[in-house]
Q: 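I am attaching a structure below and will ask some questions about it afterwards.
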There are 2 protein chains.
Amino acid sequence: MTPSPVRRRLPPAERREEILKAATELIAASGFKGVTLEAFAAACGMTKAGLLHHFRSREELLIAVLERRDTLDLASVADTLEPAPDAAVARAVMSGFVRRNLAQRSLVQLYTVLSAEALDPAHPAHVYFRTRLSEGRAMLECYLLAWHPRPGQAAVDLLAFLDGLQLNWLRDGGIDFLAQWEAFADRFFAA
Amino acid sequence: MTPSPVRRRLPPAERREEILKAATELIAASGFKGVTLEAFAAACGMTKAGLLHHFRSREELLIAVLERRDTLDLASVADTLEPAPDAAVARAVMSGFVRRNLAQRSLVQLYTVLSAEALDPAHPAHVYFRTRLSEGRAMLECYLLAWHPRPGQAAVDLLAFLDGLQLNWLRDGGIDFLAQWEAFADRFFAA
DNA sequence: TAAGTTATCTACCGTTTGGTAGATAGCGCT
DNA sequence: AGCGCTATCTACCAAACGGTAGATAACTTA
């Protein structure tokens, strides 16, 4: 469609990274179902065919986007996880997530939109989200084990509140994400 | 596509209701972007053209689905709202919602999926959700006004937790939605 | 500079999509 | 029974979609 003014040729690694970054933004804005191959390509100044040279299908692109986010996310909290797992560490990790997400609204929106879409068992990312979330809860539960009488319930409480707060923050930017979380955590971890 | 075995002719009111119920189920399962006109029609044993006789466009159908849910929802809590607004009433209303939603998983999923899709300003239901949610929070805040020192923050806390809990319940049916909510509310409304 | 590799493009295909036009048939009324 | 209304259908369209095939051009290396 776009009559290419210039033909930029990039090494595969760079091009892949460029595509993944752009795709992340687009999916965050409109969901996976809401973005076409051509839109993904155009955002990098190339054509569908060019993009499909790097990702064999639209679906493969989605999975690459998710895996990239996982990698970046884990790397960012790696150092916080060093001490022995206990409730204080759990709070620190979660506060870290909050602070990080504050600065990356579009990434948060990507996850929110996609994880809702993926409630449909037929969605390409359905199993991805199921496994990822149950792993997350299990890890958190393990952190709360020695501190809370019902660690399972507490883990669900925390994740539910965080998910819901993110969602409402996306819907209404007027919410003070960080302050709201810290106030809640103060009460929660005081008991 | 479907070689109609019989031609059912219904009065418009009945047919509209049938279509809206079916559409609600389908959107809950796959989102609005995930369902085609033909799928909506086929679920009622008719063709696209037949459906478009009752709703002028796909988008108009979506809006009708949302408005119908609003109507049913408001009617179901109308009697709980009678007493003067205070914190106890707020909790009663919210508990009512939880109990009701427990029995209508697909409706909850409809709202969850749609409200995530509608984060995109270009989505046909974007403004609908923005206004609806801010109204809801304002109403809740008003209920908490005389009881909580920071009613605004408290309202956000409650809605965030409820939204997040619903979301996690949809993702993992193993969660005891009601018990989890009641335990949280006990703590929240004790302070 | 010449050859080889491959990232990118143009052009196309088959399918699906939302929507329209006009024919058909079920129902209420007299 | 016969007429009118309209809910529904069949047939169609233009646009958009994901993906493929083969041509082209930008780098690398000798």
Side-chain angles (χ1 to χ4, degrees), chain A residues 1-23 26-27 29-66 114 117 120 122-125, chain B residues 1-23 26-27 29-66 114 117 120 122-125:
Chain A
M1 219 65 181
T2 316
S4 58
V6 227
R7 191 179 201 160
R8 279 193 316 142
R9 185 195 176 101
L10 293 185
E14 270 179 55
R15 184 60 97 181
R16 277 182 66 100
E17 181 66 13
E18 181 185 8
I19 294 173
L20 290 176
K21 276 176 76 171
L26 290 180
I27 297 176
S30 308
F32 182 59
K33 290 175 185 164
V35 187
T36 69
L37 261 184
E38 189 150 337
F40 284 129
C44 308
M46 53 191 314
T47 64
K48 301 186 288 184
L51 191 151
L52 285 171
H53 177 72
H54 299 278
F55 301 91
R56 272 171 298 182
S57 72
R58 202 177 88 104
E59 195 164 313
E60 187 175 305
L61 171 60
L62 169 64
I63 291 175
V65 165
L66 292 174
L114 257 186
E117 266 186 16
D120 181 3
H123 193 282
Chain B
M1 220 66 181
T2 318
S4 57
V6 230
R7 189 178 201 161
R8 279 192 315 143
R9 186 196 176 98
L10 292 186
E14 271 178 53
R15 184 60 96 183
R16 275 182 67 100
E17 180 67 14
E18 181 186 8
I19 294 172
L20 290 176
K21 278 176 73 172
L26 290 180
I27 296 176
S30 307
F32 182 59
K33 289 176 185 161
V35 188
T36 69
L37 261 184
E38 188 148 339
F40 284 129
C44 308
M46 51 190 316
T47 63
K48 300 186 287 183
L51 190 150
L52 284 173
H53 177 71
H54 298 278
F55 302 91
R56 272 171 296 182
S57 72
R58 202 178 87 105
E59 196 165 312
E60 186 176 306
L61 171 60
L62 169 64
I63 290 175
V65 165
L66 292 174
L114 257 186
E117 267 186 14
D120 181 3
H123 194 281

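Throughout, a chain's letter reflects where its sequence line sits, starting with A, and its residues are numbered from 1. Predicted model only: the values in this text are computed from it and were never measured.
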Q: Using side chain to side chain contact (heavy atoms under 4.5 Å, CB included) as the criterion, point out the one residue from B:Ile19, B:Leu52, B:Ile27 that pairs with B:Phe40.
A: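 Filter result, single survivor: B:Ile27.
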
Q: Would you please name every residue forming a side-chain hydrogen bond (donor to acceptor under 3.5 Å, both in side chains) with B:Glu17, sequence neighbours left out?
A: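 So B:Glu17 forms a side-chain hydrogen bond (donor to acceptor under 3.5 Å, both in side chains) with B:Arg68.
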
Q: From B:Arg16 CZ over to B:Leu10 CG, what is the distance, rounded to the nearest 0.5 angstrom?
A: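 Rounded to the nearest 0.5 Å, the CZ-CG separation comes to 13.5 Å.
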
Q: Check the interface with nucleotides 3-6 of chain D: list each N/O to N/O pair with the protein under 3.5 Å, or write none.
A:
| unit_1 | atom_1 | unit_2 | atom_2 | d |
| --- | --- | --- | --- | --- |
| D:dT6 | O2 | B:Arg9 | NH1 | 3.2 |
| D:dT6 | O2 | B:Arg9 | NH2 | 3.1 |

Q: Do B:Leu62 and B:Leu114 have side-chain heavy atoms sitting under 4.5 Å apart?
A: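 With C-beta onward as the side chain, the pair touches.
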
Q: Report the C-alpha separation of A:Arg15 and A:Met46 in whole Å, then their side-chain angles, then the decisive distance to 0.1 Å, and conclude whether the side-chain contact (heavy atoms from CB on, under 4.5 Å) test is met.
A: CA-CA 10 Å; A:Arg15 184 60 97 181; A:Met46 53 191 314; 3.7 Å; yes

Q: Nucleotides 17-20 of chain D: which of its N/O atoms have a protein N/O under 3.5 Å away?
A:
| unit_1 | atom_1 | unit_2 | atom_2 | d |
| --- | --- | --- | --- | --- |
| D:dG18 | OP1 | A:Arg58 | NE | 3.3 |
| D:dG18 | OP1 | A:Arg58 | NH1 | 3.4 |
| D:dG18 | OP2 | A:Leu37 | N | 2.9 |
| D:dG18 | N7 | A:Lys48 | NZ | 3.2 |
| D:dG18 | O6 | A:Lys48 | NZ | 3.4 |
| D:dG19 | OP2 | A:Arg58 | N | 3.0 |
| D:dG19 | O6 | A:Lys48 | NZ | 2.7 |

Q: Could you check how far CD of A:Glu18 sits from P of C:dT8, rounded to whole Å?
A: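 Value for this atom pair: 9 Å.
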
Q: May I have the distance from B:Leu51 (atom CG) to C:dT20 (atom P), rounded to whole angstrom?
A: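 In whole Å, C:dT20 P and B:Leu51 CG are 13 Å from each other.
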
Q: Between D:dA25, C:dA25, D:dT10, which one does the side chain of B:Arg7 approach most closely?
A: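 Closest of the options to the side chain of B:Arg7: C:dA25.
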
Q: It should be established whether A:Thr47 places a side-chain nitrogen or oxygen under 4.0 Å from OP1 or OP2 of nucleotide C:dT8.
A: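 So the side chain of A:Thr47 is outside the cut-off, no N or O lying under 4.0 Å from OP1 or OP2 of C:dT8.
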
Q: Return yes if some donor-acceptor pair links the side-chain N/O of A:Glu59 with the main-chain N/O of A:Pro124 below 3.5 Å, else return no.
A: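 Here the side-chain-to-backbone pair does not exist.
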
Q: Working note: A:Arg8 + A:Glu18, criterion salt bridge (Lys or Arg N to Asp or Glu O under 4.0 Å); need CA distance, chi angles, decisive distance, verdict.
A: CA-CA 12 Å; A:Arg8 279 193 316 142; A:Glu18 181 185 8; 2.9 Å; yes

Q: Can a side chain N or O of A:Arg15 be found less than 4.0 Å away from OP1 or OP2 on C:dT8?
A: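 Yes, such a contact exists.
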
